[in-house]
Amino acid sequence: MPTADELLSADTVTTLAGLLARAGRRSAPALTARAAALDGLSYSGRVGAIRDAVLADLPADWPGFEAVVRTALAEPAFEGWMTFPVNEAVAVRGLEVFEPGLELLHDLTSRLTAESAVRPFLRADPDRALAVVREWTGDPDPHVRRLASEGTRPRLPWAPQLPAFVADPRPALPVLDALYRDESEYVRRSVSNHLNDIGRDHPALAVETAARWLAEPAGTTDRVVRHGLRTLIKAGRPEALTLLGHAPDVPVTVRGPVVTTPRVAVGEYLVFDYAVTNTGELPAELVVDYVVHHTKANGTRTPKVFKLVTRPLAPGETLGGTKRHSFKPITTRRYHSGEHLVQLQVNGRVRGEAVFSLDAG
């Protein structure tokens, strides 16, 4: 993952200052000063500080502001991460005029996604913003079509949530309906991620939407739906599993998990063997996962589902293997010593479990 300095370095901001100064035929003192004062700022801190400098250097009126940004857009060098804080400045200044602000983001997004910058418009007036965004689904530029889906995601990572769409995602569904068969994988992946967001809060609506798409599919629709329902599949939601042909009551026998490392230290691997046999008379579509229940400081456990294999299994056929699960330290999880649990999950149902001890040091 690139560092904040790699994404928005002093050189990048200096280049941006020069581009905007030439575009506006005026100096850019705030940006020039900011380029020399970035140390210690996180990525989000840099975005906010550079955005504020752009707002300070560019005209305060919308026509003047827009004219400078559009002149800069004519320069091929105006691209990449330097445009991200400019997008955020458009989100501040453009709210005053609304539709023209969205149209400027439409033109900026091909330089680097404006997915975060459209969200203040959607929070301020969802209906008015969606009227513009829905038009983007027919745009010839895949960056713009992706912006329509990505910008309206209820829970877009590293961006403010859209509380109205978290509560009721249905107003944005016409956007997804227009794009799930898009010719661009870049766009379709966003649609899948948007559907996955919906499934976190409204699983029945996500499954219902996926079923509609599968009833009128393109050749890529099955993949879109599978990726879009991934969280529900991991959670073992029977309606999602059944829609994708993974019957929760599939006839199988399961051996394992057989833990071969009953004591694991942080930095080492949990190792276990497993085997699943189709005991039915028909081929079975299997989703085999494993669940690690991490022990917390208070002694309770929290489960985390991990993928093993998704594949068809013929009658009498067995699939199996050995899994090595890393307990390497990561920033998103704190490990605690104690007895942990690992389970095998087949088509959403737990079929076997074993305990092991973790030494967190």
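Basis for what follows: all heavy atoms, side chains included, without hydrogens, waters or symmetry-related copies.
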Side chains of H194 and E150: donor-acceptor distance under 3.5 Å anywhere?
-> no

Looking only at atom types and distance, does a side-chain atom of T260 sit under 3.5 Å from a main-chain N or O of V271, one as donor and one as acceptor?
-> yes

Distance flag, aromatic centroids of Y43 and W81, threshold under 6.0 Å | yes

Any side-chain donor near an acceptor of the partner, H143 and Y186, under 3.5 Å = no

Take D201 and R155, measure what salt bridge (charged side-chain N to carboxylate O under 4.0 Å, His left out) needs, and give me the verdict at the end.
-> CA-CA 10 Å; D201 302 293; R155 296 182 177 273; 2.8 Å; yes

Ring-face cation contact, F78 with R111, 6.0 Å cut, 45° max = no

Answer yes if the side chains of D139 and H106 hold a donor-acceptor pair under 3.5 Å, and no otherwise.
-> yes

Just by distance, with hydrogens left out, do D177 and W213 show a side-chain donor and acceptor under 3.5 Å apart?
-> yes

Indicate the ring-plane relationship of H294 and Y335, choosing parallel, tilted or perpendicular according to the 30° and 60° boundaries.
-> tilted

Among side-chain atoms of D11 and S9, is any donor-acceptor pair under 3.5 angstrom?
-> no

Test item: side-chain donor near acceptor, H227 and N193, under 3.5 Å | yes

Given the rule in the ring-ring contact (aromatic ring centres under 6.0 Å, His included) test, do Y290 and H325 qualify, once you have shown the distances and angles that lead to the verdict?
-> CA-CA 10 Å; Y290 68 99; H325 176 84; 5.5 Å; yes

